[in-house]
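This report concerns only the one structure given below.
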Amino acid sequence: MTVFAMPVFDATVIYEGKELFKGKGAAGLWAEKLAAEIGGPVTVEKIGTGWALCGRSDDVDCKWGIHGQRLKRLD
C-alpha cells in the first residue's frame with residue numbers, strides 16, 4: 001500500500017489554510033514512511049504552529065501536509 005493511501009490519524013493543526021502535523025514526533029514518523037516511498041531523504045519543518053514533511057520528488061523540492069486524513073503536497 002502506498003503511503004499516500006494510508007490514513008493519517010495523528011493530531012493536526014490548521015495554519016494559513018494548510019493542515020499540518022501538530023507534533024514533531026508524529027511528523028518524523030511519517031517522514032520515515034514517505035522517505036521509503038519516494039526513495040530519498042525527507043525531513044520535518046516547522047510552519048507556523050504545525051509541522052510539514054519536506055523532501056525532493058521527481059527533481060522538485062516538495063512539502064507535504066494532510067488533507068482528508070491523507071498526505072498531500074502543499075502548493
Side-chain angles (χ1 to χ4, degrees):
M1 173 187 284
T2 175
V3 71
F4 296 102
M6 298 170 65
V8 178
F9 290 122
D10 295 288
T12 63
V13 296
I14 305 293
Y15 180 76
E16 295 184 348
K18 295 175 175 73
E19 189 174 4
L20 305 169
F21 290 92
K22 184 174 183 179
K24 184 178 182 181
L29 292 174
W30 280 93
E32 291 174 14
K33 294 175 187 179
L34 181 56
E37 175 91 12
I38 66 172
V42 177
T43 60
V44 296
E45 178 183 312
K46 180 86 168 172
I47 297 178
T49 58
W51 295 88
L53 309 181
C54 302
R56 194 161 176 81
S57 178
D58 298 325
D59 293 324
V60 176
D61 290 330
C62 302
K63 291 184 183 178
W64 292 270
I66 304 163
H67 180 73
Q69 294 183 331
R70 301 286 189 265
L71 288 183
K72 179 184 183 223
R73 262 174 70 171
L74 302 174
D75 296 321

Separation between CH2 of Trp30 and CG of Leu71, rounded to the nearest 0.5 Å: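 CG of Leu71 is found 5.5 Å from CH2 of Trp30.
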Which atoms form the tightest heavy-atom contact between [X] and [Y], and what is the distance?
X	Y	answer
Lys72	His67	CD-CB, 3.4 Å
Trp64	Leu74	C-CG, 3.9 Å
Leu20	Ala52	CD2-CB, 4.0 Å
Glu19	Gly68	OE1-N, 4.2 Å

Using distance only, find each side-chain donor-acceptor pair of residues 37-44 under 3.5 Å and give its atom names and separation, not counting sequence neighbours.
unit_1	atom_1	unit_2	atom_2	d
Glu37	OE1	Val3	N	3.2
Glu37	OE2	Thr2	OG1	2.7

Heavy-atom count around Lys24 NZ within 6.0 Å, excluding the residue itself: above 12?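 No.
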Validation row: [X], [Y] side chains within 4.5 angstrom (heavy atoms):
X	Y	result
Val13	Trp51	no
Val60	Arg73	yes
Cys62	Arg56	no
Phe9	Gln69	yes
Ile47	Lys63	yes

ILVMFWY cluster, Met6 and Ile66 together (side-chain gap under 4.5 Å):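 Yes; tracing contacts between hydrophobic side chains, which count when under 4.5 Å, links both residues.
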Is there a continuous path of hydrophobic side-chain contacts, each under 4.5 Å between heavy atoms, that joins Phe21 to Ile14?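 The answer is no; the residues belong to distinct hydrophobic clusters.
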